[in-house]
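Structure, as structure tokens:
The residues of the chain are indexed from 1 along the displayed sequence. As the structure lists them, so they are numbered: ligands from 1, and atoms in each ligand from 1.
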Amino acid sequence: MNKRNEVPVEKNQTLVVEIEDLTYEGLGVAKVEGYPLFVENALPGEKIDMLVLKTGKQFGYGKVQTLLEKSDDRVLETDDMLLRTGIAPLQHLKYDKQLAFKEEQVRRAVERGAKLSGVEILPTIGMAHPEAYRNKAQIPVRKVAEALTTGFFRKNSHDLIPMENFYIQDPKIDDAVKIVRDIMRSYQVKPYNERDNTGNLRHIIVRRGHYSHEMMIVLVTRTGKLFQYEKMVEDITAALPEVVSIIQNINPESTNVILGKESRLLFGENYVTDTLLGKKYHISSHSFYQVNTVQAEILYQKALEFAALKPTDIVIDAYSGIGTISLALADQVKQVYGVEVIKEAVQDAKLNALVNEVENVTFEKGTAEVVMKKWQAADIRANVLVVDPPRKGLAPEFIAAALEMKPERFVYISCNPATFARDVKLLVAGGYQLQKVQPVDMFPQTAHIETVALLTRK
Ligand code: SAH
């Protein structure tokens with residue numbers, strides 16, 4: 001920025017700038033006298049005629065008016081809707097460059113966030129076919145041009161853009177969304193209206209087992225009523241023979257949270273099953289399950305490799321979900337303890353242990369930070385700790401309890417490099433060494449980054 005700390009550009013001004021970098025969200029960064037402006041659909045090395053959209057004290061936002069010089073890394077055939085909705089915000093960047101971008105983001109997190117140098121950051125493991133990978137879709141339903149419509153929200157808004165091809169989802173899921181939408185139309189179901197919390201159908205959720213091809217449909221409604229639901233079920237199952245579960249979830253609140261507390265089974269079972277690394281899993285509607293099955297198998301294999309398991313090992317799998325990591329490693333060790341906060345997921349995990357005839361695992365419901373402390377007090381001495389927390393990372397109490405337990409190996413699976421770096425800094429201060437970090441691309445065409453890392457005790 002200039003010396004007087006003034007913002008050097010004004011809203012609605014146009015100017016020619018060069019893009020210097022990409023943010024962690026995949027936005028292009030242009031600098032005017034040191035003042036950064038973030039620009040959608042602009043790549044490093046590109047020269048653009050930019051319109052200034054917004055200015056703040058520290059940074060602003062701009063928009064490409066004209067692309068004056070294109071980057072060689074640019075994909076020319078892109079779908080504007082995918083960029084504008086944030087479904088595929090990196091679609092304009094060639095896939096090998098997406099992988100390099102993610103590796104670089106991880107390197108920055110480790111070097112600048114955790115303040116560590118010389119750590120081995122491995123090249124991102126990508127997909128051979130980086131599209132049509134999602135096994136789950138949560139599609140909003142709104143009224144557009146008088147009709148019940150499915151699509152996706154424009155970025156930073158709740159304006160629904162009608163869409164049928166979501167590109168990164170299993171195409172069978174795209175088809176199912178269209179079919180269910182048409183059936184809902186035929187029964188004159190009222191689409192949800194967010195402004196005054198009226199109407200009924202809020203979301204259509206579809207989950208499809210990558211290997212099993214079993215499908216679950218969740219209709220999220222505002223009220224408990226779903227007039228003629230028996231007939232709807234008949235129509236859905238007739239049109240979609242893969243469906244094994246139809247659930248109505250009721251969410252009366254005026255909220256961005258998709259699922260409500262109450263669910264009703266309309267057809268079939270409460271879960272779908274699928275296999276992962278040769279084991280069978282029951283997955284119920286409230287449970288977390290990695291959305292990219294092919295890459296999840298690679299990620300878990302890396303986690304197992306990093307854990308370097310021995311038959312005498314005692315392992316804690318924190319944030320265990322439906323037990324996928326616990327059960328993947330149980331055969332190689334003496335005992336596994338899993339902890340997970342969602343009740344349904346713990347029930348799934350217990351059932352999954354039973355179904356796969358794995359006897360040396362126990363799953364506990366609770367927050368990882370509380371249960372970890374309890375285990376530590378009960379003198380459970382895990383020598384291997386595997387964690388897979390949500391985006392907000394590990395709680396300080398969890399790290400404190402882990403440092404007291406002193407496991408030899410600490411495998412950290414993270415979906416957020418920023419909180420990963422924050423936590424690693426504490427672990428390193430507590431006597432661990434970060435050995436290596438392996439990014440695995442679970443979310444091609446998006447800026448999301450998943451990594452698995454190994455820390456060992458000094
Ligand atoms: N390891 C599993 C799940 C990882 S996702 C898998 O790979 O499938 C993270 C999980 O942590 C979710 O199931 C979420 O419900 C759970 N979770 C979130 N906060 C938690 C907390 N404080 N304590 C325990 N589990 C938590």
Side-chain angles (χ1 to χ4, degrees), residues 134-136 138 207 209-211 257-259 261 271-304 306-307 315-330 336-353 356 358 361-376 382 384-402 410-416 419-420 423 438 440 442-443 448-453:
R134 283 186 65 97
N135 61 30
K136 180 185 175 184
Q138 312 196 95
R207 194 172 237 164
H210 176 79
Y211 294 110
V257 178
I258 295 176
L259 287 176
K261 289 197 184 82
Y271 53 81
V272 286
T273 68
D274 200 17
T275 49
L276 202 72
L277 295 176
K279 290 210 161 62
K280 188 168 173 175
Y281 291 96
H282 287 65
I283 312 154
S284 57
S285 61
H286 276 76
S287 296
F288 173 90
Y289 187 64
Q290 288 287 2
V291 296
N292 186 334
T293 313
V294 170
Q295 294 297 91
E297 291 190 314
I298 293 173
L299 179 76
Y300 293 162
Q301 262 162 345
K302 276 286 160 202
L304 261 62
F306 284 9
V315 185
I316 285 175
D317 171 20
Y319 309 85
S320 49
I322 62 165
T324 42
I325 294 173
S326 292
L327 298 182
L329 55 77
V336 187
Y337 297 91
V339 53
E340 160 64 43
V341 75
I342 302 286
K343 186 179 81 199
E344 288 84 355
V346 177
Q347 284 165 357
D348 287 347
K350 287 181 176 168
L351 180 61
N352 291 332
N356 292 292
V358 176
V361 297
T362 54
F363 292 105
E364 199 146 333
K365 185 203 166 296
T367 63
E369 49 276 27
V370 168
V371 174
M372 188 69 184
K373 233 190 268 171
K374 203 186 89 183
W375 281 337
Q376 161 64 19
V384 179
L385 181 54
V386 181
V387 299
D388 185 7
R391 289 185 62 75
K392 69 171 186 242
L394 303 173
E397 303 84 2
F398 181 90
I399 294 181
F410 193 127
V411 177
Y412 192 142
I413 300 175
S414 161
C415 57
N416 184 348
T419 55
F420 167 72
D423 294 345
Q438 172 69 69
V440 178
M442 306 290 276
F443 312 101
H448 291 291
I449 300 173
E450 187 93 14
T451 55
V452 50

- Message: With a 4.5 Å cut-off on side-chain heavy atoms, are Gln290 and Thr324 touching?
- Response: no

- Query: Is there side-chain contact between Gln376 and Met372, with at least one heavy-atom pair below 4.5 Å?
  - Reply: no

- Note on the structure: Residues with a heavy atom under 4.0 Å from ligand 1, by chain and number, are Phe288, Tyr300, Tyr319, Ser320, Gly321, Thr324, Ile325, Glu340, Val341, Ile342, Gly366, Thr367, Ala368, Glu369, Asp388, Pro390

- Query: How far does CG of Asp348 sit from CZ of Phe363, to the nearest 0.5 angstrom?
  - Reply: 10.5 Å

- Query: Does a side-chain heavy-atom distance below 4.5 Å link Phe288 with Ile342?
  - Reply: no

- Show your reasoning for whether side-chain contact (heavy atoms from CB on, under 4.5 Å) applies to Val387 and Leu385. CA-CA 7 Å; Val387 299; Leu385 181 54; 4.1 Å; yes

- Whether Tyr337 and Trp375 hold their rings parallel, tilted or perpendicular, with breakpoints at 30° and 60°: tilted

